[in-house]
Protein chains: 2
Amino acid sequence: MHSNPFEAGTFRPLYMSDLKNDIQPLEASTMTDMVELRLREYLKRKSFVPGDALPKEQELADALGVSRNVVREALSRLRMLGMIESRKKRGMVLTQPDILGSLERVLDPLILGKNTLRDIFELRLVLEMGLADLIYLRKTPEDIAALETIVAQEVNKHQKPFRVEHEIAFHGKLYQMTGNDTYMRFQKMLLPVFEYVLDYEIQVNGQAEVGKVTHHDLVEILKTGDAEDFRRGMKAHLKPHFDRLKA
Amino acid sequence: MHSNPFEAGTFRPLYMSDLKNDIQPLEASTMTDMVELRLREYLKRKSFVPGDALPKEQELADALGVSRNVVREALSRLRMLGMIESRKKRGMVLTQPDILGSLERVLDPLILGKNTLRDIFELRLVLEMGLADLIYLRKTPEDIAALETIVAQEVNKHQKPFRVEHEIAFHGKLYQMTGNDTYMRFQKMLLPVFEYVLDYEIQVNGQAEVGKVTHHDLVEILKTGDAEDFRRGMKAHLKPHFDRLKA
DNA sequence: TAATTCCTTTTGTAGGACATAATGTAAGGT
DNA sequence: ACCTTACATTATGTCCTACAAAAGGAATTA
């Protein structure tokens, strides 16, 4: 039995990887797909800005030569993406989409394939390694104090719920210190996938290893060292995870 | 005039940042929203796996007590996310969603707000800094050769289209070397936003600065140095961008 | 002027109808 | 028996009509 949750032999050659992105389908299969595409084109071409009002459903339907039903299905998609909002009588207005909202709906470890799970696991490691630069750009003494509080509350219990909770608190605070909401939310969304892979790991290999550099050490580095020191510390902290990738 | 495309004074306090994610609306406004939610719950609860068939639209409508129309609008959303596929007569089957597909639709620099633009700009820098670890895990001599070919074709023309093209070729190859499709696609999607911000920059400040470490230097490091060397090199290569964040 | 009532408009929901395509099935020919 | 053809069946895709609900606007009244 191999200790890898991603399973060997599922690797796809790279040239196939994003073919779907390079060439777009000649014709979207259903009317709804086409209308969705047309609407997005329309919004771009007319360079609508958030707040602008859209034509009414019936007008769009007439202009596109399809039924109002089809238009509504397409609009429903845009509404889900947060691109538009609509209120009765007032019509529809363009809004600033919530770029991560749609990702959230799809990031279910149980549904994602092994390849994607592995990719996301790695992506999270990349995000952790990238913390250093932004943190050193913006950290404040208050942040450090908050981190120390969190570390002080570190329970010795190695049972899972406590441990995970603490991990999230500590790393979450680190992300917060970057002042980058999107970055923080993104990382937060990736957590379930990360946990899922680790759980699998533990189930197979017994106990999860832990790096030599602790949270306490990382805080010390933050106080005295520079960004490169911190990154080296983080790399050591995450070493077990990186080692996993080599296998 | 400030040299910052994100505009000052738009910073939101962090405690407001992800309120919408922590507490979810008590009741989704429209039937379609609720049905969409219910359907996703249903899929998770029954632990459907890709390939499984879903009940027919009319059955879902009856079970949920809504019209087939509403069900279809909700299904249309899931279809857009790539969670389901449906063919006539055969019904609908669960599929592995394309997690980045939905992001792609929404990443339009013209629509995104200043805050998000800034966040994404930083996120891309983070991704670049994270390249080192994965590259050193998987690089091959062929990859290095390919990089050298790209560098050799580096045109001296500083005109924009050529320059950008070359940037994409070089950095794209780096991402490809990580063997992480999701990582690569993600970065690719962020490119337009990155370019958009840089364009703004150039327009305001005249010429775009360029780091002291060139592509050629980076390749040399890849041949002789270790991951840390490479990261240091990349940091120097991106230095102008990081400096921008300080302002 | 301010509050109320009524009208109008636009989205949201319902239900029926039919086209279309894919599947299964039975008839018919070899 | 086996292959082919033709037909019936079924689920999605599209269209249509109708009406409920909410929100804005106008007219009326205190």
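Any value given below was found using the heavy atoms of this structure, including those in side chains, with hydrogens, waters and symmetry copies removed. The sequence lines fix the lettering, A, B, ..., with proteins before strands; numbering per chain opens at 1.
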Which one, [options], comes nearest to the side chain of [X]?
X: B/M31; options: C/dG12, D/dG13, C/dT13; answer: C/dT13
X: A/E57; options: C/dT13, C/dT11, D/dA11; answer: C/dT11
X: A/K56; options: C/dT11, D/dT14, D/dT12; answer: C/dT11

Review point. Can you check whether B/H166 reaches B/I150 side chain to side chain, under 4.5 Å on heavy atoms?
Key: yes
Practice item. Determine whether more than 12 heavy atoms belonging to other residues, nucleotides or ligands lie under 6.0 Å from atom CZ of B/R40. Key: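 Atom CZ in B/R40 is crowded, with more than 12 foreign heavy atoms closer than 6.0 Å.
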Review point. Rounded to the nearest 0.5 Å, how far apart are CG of B/D52 and CE of B/M92?
Key: 12.5 Å
Exercise for review: Report the residue (A/N69 or A/G91) whose heavy-atom-nearest nucleotide on DNA chain C is the more 5′ of the two.
Suggested key: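 The answer here is A/G91.
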Point to revise | Side-chain donor/acceptor contact of A/R87 with base of C/dG12 under 3.5 Å | key: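 Between C/dG12 and A/R87, which were checked side chain against base, a qualifying N/O pair under 3.5 Å is absent.
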Review item, side-chain donor-acceptor pairs of residues 56-70 of chain A, under 3.5 Å, at least two apart:
| from | atom 1 | to | atom 2 | distance (Å) |
| --- | --- | --- | --- | --- |
| A/E57 | OE1 | A/R68 | NE | 2.7 |
| A/E57 | OE1 | A/R68 | NH2 | 3.0 |
| A/E57 | OE1 | A/R72 | NH1 | 3.4 |
| A/E57 | OE2 | A/R72 | NH1 | 2.7 |
| A/Q58 | NE2 | A/D62 | OD1 | 3.1 |
| A/S67 | OG | A/N69 | N | 3.1 |
| A/S67 | OG | A/V70 | N | 3.3 |

Distance check: side-chain N/O of [X] vs OP1/OP2 of [N], anything under 4.0 Å?
X: A/S67; N: D/dC15; result: yes
X: A/R79; N: C/dG12; result: yes
X: A/S86; N: C/dG12; result: yes
X: A/T32; N: D/dT14; result: yes

Round to the nearest Å and state the distance from [X] atom [atom1] to [N] atom [atom2].
X: A/R72; N: D/dT14; atom1: CZ; atom2: P; value: 16 Å
X: B/K88; N: D/dT12; atom1: NZ; atom2: P; value: 11 Å
X: A/E85; N: C/dG12; atom1: CD; atom2: P; value: 11 Å

Practice item. Take B/K89 and A/G65, find for each the nucleotide of DNA chain D with the closest heavy atom, and name the residue whose nucleotide sits nearer the 5' end. Key: B/K89
Check your understanding: Taking for each residue the nucleotide of DNA chain D bearing the nearest heavy atom, is the 5' side occupied by A/V66 or by A/R90?
Key -> A/V66
**Study point:** Donor-acceptor pair between A/Y175 and A/E128 side chains, under 3.5 angstrom
**Key:**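 Side chains of A/Y175 and A/E128: pair found under 3.5 Å.
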